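Here is the naming used below: chain letters follow the sequence lines, and residue numbers restart at 1 for every chain. What you see is a predicted model; the values in this text were computed from it and never measured. Every heavy atom of this structure was used, including side-chain atoms; hydrogens, water molecules and symmetry mates were not.
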Amino acid sequence: MLSMFLISLEQGLIFSVLALGVYITYKILDFPDLSVEGSFPAGAFAFAKIVTSGYSLWLGLLGSLLIGALTGLITSTIFSRLRIKPLLSGILTLTLMYSVNLRINAKSNVPLFSTPTLFQGDIRVNILILALIVLALKLLMDRFFRSQIGYMLLATGDNEVLVAGLGENVDTFKTIGLMISNALVALSGAIMAQNVRFADINMGSSIIVTALASIIIGDTFMRRARKIKGTSRAIYGALIYKMIGGAALYLGLAPTDLKAVNALIVIVFIAYNQWNPSEWWKRFRVKLINRNSAKGAHHAADPSS
Amino acid sequence: MLQIRHLKKHYNVDSDNMIRLFEDFNIDFSKEMTAILGPNGCGKSTLLDLISGAKASDAGTIHLEGENITEMEERFRSKDIARVHQNPSMGVAPSLTVLENLALADHKGKTVTLKKLVKKDRIDFYRAQLAELNLGMEDKLSSLVGELSGGQRQSLALVMATMKEPKILLLDEHTAALDPGTSELVMEKTRELVDRHQMMTIMVTHDPRMALRFADRIVVLSRGNVQTDVLAGEIEERELLEAFVTA
Ligand SMILES: Nc1ncnc2c1ncn2[C@@H]1O[C@H](COP(=O)(O)OP(=O)(O)O)[C@@H](O)[C@H]1O
Ligand SMILES: [Mg+2]
C-alpha cells in the first residue's frame, strides 16, 4: 500500500511537468495541441541519445527541452503560416516527430541502464528531487506569467482582438506558448525515460489524455479556490490523477485497461463540470416553451450587422 | 487630418451575392467628434475596419496627417488608431484584473520583454484615470474584468484605448450593448475623454439623438455614399431623423 502510494506520487510528479506544459496550450491559449504526443517521446529519445553518447545528465535534460521547443515551433509554424487548424497542425507534427524520433537513435527502444539519471535509488530521495524540480518549474512559470511577454500570452488566450489592438502579433505569443509547452512536455518525457530506464517510441501515445485528465481534475477539485494558481492546480491534478490510477491498479484493475480508465476519467470529470442542474432545467424549460409557442417560426436577428 | 479618397470595397467578389459596398467613397475627418449614422448594413463597421486596417480596401487611399497608410498592417496602425467595439468584452482581457488590463494598455507601443508588466509606480496614475470615470472603479483594481458590469467594462475599454493618446479613436456602436442609462453615462465619459485628449473621434451610432447631443459633426451614410454631412449645431432633430429614415 505505501509503496503503491510512493510510486503514484513519483509518477504524479513526473506527470506534473507534463501537465504544466499542456496547461499553457490547453488552458491559457485554448489551443488543443496534440503534438505533445510527439514531443514527449522526442524528449526521451534526445535524452537517451545524449547520455548514451557519454554526455552528462544536465546536457541530456537540456537537449530534451530544446527538441520539445523545436516541436512546438513546428506546430506553431504549420498553424500560423499555413492557417491549418490546431488539431491538424498537431497531428501533422506528431506524425512527423514519429519518424524523427526513430531516427535519433536509429531504433524504437533504447535501454538506459548504466547511463546518468536523476533517480538515485531510494524512492523517497527520488520524490524529493522530483518535488524540487516541479516546484522550481512552477515558480519559474509563475514569474514568467508576471512578465510582459507572459501577460501578452495570457491576453492572447483571452482576447486576440485586444492584443492585436495593442499593436502586437498574436502569432508570436502562440509560438512562444507552444514552444514552452512542448519543451516542458519533452522534459517530462526525458524524466520518465530515466524512471522506467528506457526510451520507447510508443511512450507518447495518448499522453494528451493523461495531461488533460490532470488539468481537468485539478480544476474540479479546486473549483471554489480562486486564489490557487493554474500552475498549482495542474500539479495537484496530476498528483490526484496518478493516485486514482494507482488505487485502481491496487484494487485489481488490469494494467491493459488503464487507458480506457484514463479516457473515462476525463469524460466523467468534464461531464461533472458541465452538469449544472439549475442551468439544465432552465434550458429544458426554454425548449419546452419554444416548442409550444413558436412552432416553425424563425427569428432572424443578425448580430453581425 | 484623415483623408479617404476613391475608396472601394466589395464583399463576396466573384460570387452570386456580391456586395458592392463602397464604389468611390470620399470623406475627410478632422480633430473633432464625428458621428456616423446609417441603416443596418450600409457599411459603417466596414468603414471603421478599413480605417483601422482590420480589412483591406480593393482600391483607393487613406492618408493620416499626410502619410499614406493604405497598405499599412493593422498592428502598425494601432499605434495611432485605437478602437472600442460594440461588445464590451472585445476591448479588455476578461480573465485578468483591472490593474493588469490597464498595465497592458500602458505598455502599448513598447517592446515586450521578460521584465515585470505591472509597475508599482504607475498604480496611482491608473487609479486617477479610473477615478475620473466616477464609477467607483478606482477601488476595483484587483477585480477580475470578467466580473465587472458591461458599462464598467466598456468604460475600462475606453480608458485603455485612449491611455496612450492615439491620434484617432474609433467607436463602433460602443454603447449599443448597454442599457439606456448606462449607455448615456458611457457616452458622457466618452465625450469627456475625447475633450481631454483632443482626439479625432469617429463614432458609429444607431441613435440620432445621441449623435446630436454628443458629436460635433454628423454624417449619414446611405448605400456606400455620404448622404448628409452637417455640424451638429446646424441641424434640427426632426431634420436629422428624416435624413436617417430616408437613408
Ligand atoms: N466579412 C464579410 N463578408 C461578407 N459580407 C460582409 C462582411 N462584413 C460585412 N459584410 C456585409 O457588408 C454589409 C455592410 O456591413 P457592415 O459594415 O457591418 O454594416 P453596418 O455596420 O453599417 O451595419 C452588410 O451587408 C454585411 O452583410
Ligand atoms: Mg456595424
Original post:
Which bit of B/K44 comes within less than 4.5 Å of chain A, counting heavy atoms only: side chain, backbone, both or neither?
Top reply: neither

Subject >> Side chain proximity check, B/R83 to B/S52, heavy atoms < 4.5 angstrom >> reply: yes

**OP:** Among A/T172, A/L154, A/V161, A/N169, single out the residue with the greatest number of heavy-atom pairs under 4.5 Å to chain B.
**Re:** A/N169

Original post:
Is A/R233 close enough and on-axis enough to A/Y236, meaning under 6.0 Å and within 45°, for cation-pi?
Top reply: no

Original post:
What part of A/F145 lies closer than 4.5 angstrom to a heavy atom of chain B: side chain, backbone, both or neither?
Top reply: neither

Original post:
Taking the side chain as C-beta and beyond, is there a heavy-atom pair between B/Q129 and B/M163 under 4.5 Å?
Top reply: yes

**OP:** Using non-hydrogen atoms and a 4.5 Å limit, figure out which bit of B/T111 sits close to chain A: side chain, backbone, both or neither.
**Re:** backbone

**OP:** Between chain B and each of A/G167, A/A164, A/G150, count heavy-atom pairs under 4.5 Å; write down the option with the most.
**Re:** A/G167

Subject >> Backbone N/O of B/N225 and side chain of B/S222: donor-acceptor pair under 3.5 Å >> reply: no

Original post:
Between B/A157, B/A93, B/A54, which has the largest tally of heavy atom pairs under 4.5 Å with chain A?
Top reply: B/A93

Subject >> Pair B/R153, B/S89: side-chain N/O donor-acceptor within cut-off below 3.5 Å >> reply: yes

Original post:
Do the charged groups of B/D139 and B/R127 touch, with an N to O distance under 4.0 Å?
Top reply: no

**OP:** Check each atom of A/E160 against the heavy atoms of chain B and say whether the ones under 4.5 Å are side chain, backbone, both or neither.
**Re:** neither

Subject >> Contact class of B/K116 relative to chain A, heavy atoms under 4.5 angstrom >> reply: both

